[in-house]
Each structure stands twice: as structure tokens, then as C-alpha cells.
Amino acid sequence: MTGNSPEGPTLRELAVQALSSVEHGYDLLAPKFDHTPFRTSDPILDAVASVLGPLGPFGDGLDLCCGTGAGLEVLERVCRGSVTGIDISAGMLEVARRRVVTGERADGPRVALVRGDARALPFASAPSGSPAFDLVVSFGAFGHFLPGEFPGLFTQVHSVLRPGGRFAFPVVAPARPGTPAYWALLGFDAVMRVRNAVWKPPFVMYYRAFRLADVRRELTRVGFDVETRALPEFGRRPDGSPRCRMVVATRTPAGYSVSSG
């Protein structure tokens, strides 16, 4: 994540966003989103691209919940075909359009931006009736889904991937119990739960609910073979586990299996 910036939103603007729906809240935040800590940092984007590079090259790529388009640059580096970003927020997509070149390009993949809900992807039925993508990535969006929505979300991703296609995303190790970061996240989740209990529409943002063990189980259940790869740039925790990993879930052809890491 990026650090705070004087160009970022004010406390009042963040409060207004938090009292809106997820879609409208990000419409409001979009012009200043890239100057907030919520934007995925360039080191994480670069680390993911460095792991994806040897797994490719890929044909067509999708950035799920693309926001202002930072992750699209990863896809442009590893995809030879088209690159598509989808997001529910029109405001975030408008910022993305200003930062990426859409349409046909002579020096890279074609880029398109689509407004839509990740829980009901509009790509499930391509004109040929076949899945549309070889690679799907996502950065920092999973906190906006409730745990019960992950099976449906992962099923949607599975449906748009061609056999052998990959679904990849970084996961930061959870804060250790008792540390300041742990208590900060616990407090944040508690505040969000109270806010959603007393104020409508809800604003879903529960990052502690995205647990790697649960995610692996649900990905496997919908038909992915799952492995994880350490992102060594971010070091290891005292117990030797990586501070940041990348999940790589593969839609494999029938009868073929990838060993899990």
C-alpha cells in the first residue's frame, strides 16, 4: 500500500465515503484514490508481475475489480492478447480510462474497461460460447465481499477462464495477535460491523475475513488446483513464513492436476 499523501482525501471525505454504499463510496473516492493507502503499491504489482512472467506468456487477461487501473499494467506486461478491467464503480473506471490507453495499440495488448459486478461477470458466455480469458488477477478487492460470497465469486472466475488458465492474486500475511497492526485491524472490523448494523446501505470492507486457508478450500471446491508462491521481496516473518505470497489457482483440463504449494 502507498503511504498517506497531502493530495489524498480529507477525513470528512473519507467519512462521507464510509457512509455510502460500496459503489457510490468509490465513485466519490475515485479522483483521490491513488493517493490513499488503499491503492496497491508498485512493489507488490512488480512482484506479482515477476512471478507471472515465467508462467506465461498469457493470451487474454482480466483485472477483477480493477479500480483505477494499476493492475492493468501488470496484465499489459504478461499478456499478448487483450487486457480487460472490470469494476462496479463508474468513478473508478473513469480514472482508469485516463491512465490507460483503451482500444487498439500497435505496441501492446488491446485494453478495454467494463462496468460490471464481479459476482455476475458479463464474460461467462463469449460469442463462441467459450471462456474468455487465460489469466485473471485481482489486487486488494476481496475485503469488499462477505465470506459467504466467495464460492459464487470464485465460480464466476472459473467460468471465464480457459482450461489451463490462472487466477492469481497477492495475499499479505495476517498481523500476529497482540501486535499494534492486529489490534488496529480488529478495531477497524468492529467499527465497520457497528456502522453496518446501524446505517444503510452497508459498506462491506472486512479484510480480516479473507483467510488463506478458507480461500484455498473454496477455490479447490469450485474446481481450481491451488498453489502459493512466496514474494521474496517482502521477506519472512520470525516463524519463517513469507510476509506476502501470491495465490495461483489453475483451471486444469479434466484429468490433469497441478501439485499444490
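- When the salt bridge (Lys or Arg N to Asp or Glu O under 4.0 Å) test is applied to R217, the partners found at least two apart in sequence or on another chain are D214.
- Every side chain to side chain contact (heavy atoms under 4.5 Å, CB included) that A249 has, sequence neighbours left out, goes to F167, L219, F224, V226.
- Among residues two or more places apart in sequence or in another chain, the salt bridge (Lys or Arg N to Asp or Glu O under 4.0 Å) test is passed with D60 by R162.
- You'll find the side chain of F142 stays beyond 4.5 Å of the side chain of V171, heavy atoms only.
- Looking at F123 and I86, their side chains come closer than 4.5 Å, going by heavy atoms from C-beta outward.
- The CD1 atom of I44 lies 12.5 Å from the CE atom of M246; values are rounded to the nearest 0.5 Å.
- Considering CE of M92 and CG of L113, their distance stands at 12.0 Å, rounded to 0.5 Å.
- Remark: P151 pairs with E218 by the side chain to side chain contact (heavy atoms under 4.5 Å, CB included) rule, at least two apart or across chains.
- The OG1 atom of T84 sits 6.0 Å away from atom CG of L62, with the distance rounded to the nearest 0.5 Å.
- Listed by chain and number, the residues in a salt bridge (Lys or Arg N to Asp or Glu O under 4.0 Å) with R243 amount to none (sequence neighbours excluded).
- Two residues are said to be in side-chain contact when any heavy atoms from C-beta on lie closer than 4.5 Å; F133 and L75 fail this criterion.
- R229 meets the salt bridge (Lys or Arg N to Asp or Glu O under 4.0 Å) test with E227; sequence neighbours excluded.
- To the nearest 0.5 angstrom, L153 atom CG is 7.0 Å from C65 atom SG.
- With rounding to the nearest 0.5 Å, the separation of CD in E149 from OG1 in T155 is 12.5 Å.
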Where do C66 and L93 land on the side chain to side chain contact (heavy atoms under 4.5 Å, CB included) test, with the steps shown first? CA-CA 8 Å; C66 67; L93 289 172; 3.7 Å; yes
Taking it one step at a time, do L135 and C79 satisfy side chain to side chain contact (heavy atoms under 4.5 Å, CB included)? CA-CA 8 Å; L135 174 64; C79 293; 4.2 Å; yes
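- F58 pairs by the ring-ring contact (aromatic ring centres under 6.0 Å, His included) definition with nothing, not counting sequence neighbours.
- A donor-acceptor pair shorter than 3.5 Å cannot be found between the side chains of S89 and D87.
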Using a 3.5 Å cut-off and no angle test, enumerate the donor-acceptor pairs between side-chain atoms of residues 46-57 and protein atoms at least two apart in sequence or in another chain.
| unit_1 | atom_1 | unit_2 | atom_2 | d |
| --- | --- | --- | --- | --- |
| D46 | OD1 | R77 | NH1 | 3.0 |
| S50 | OG | A47 | O | 2.6 |

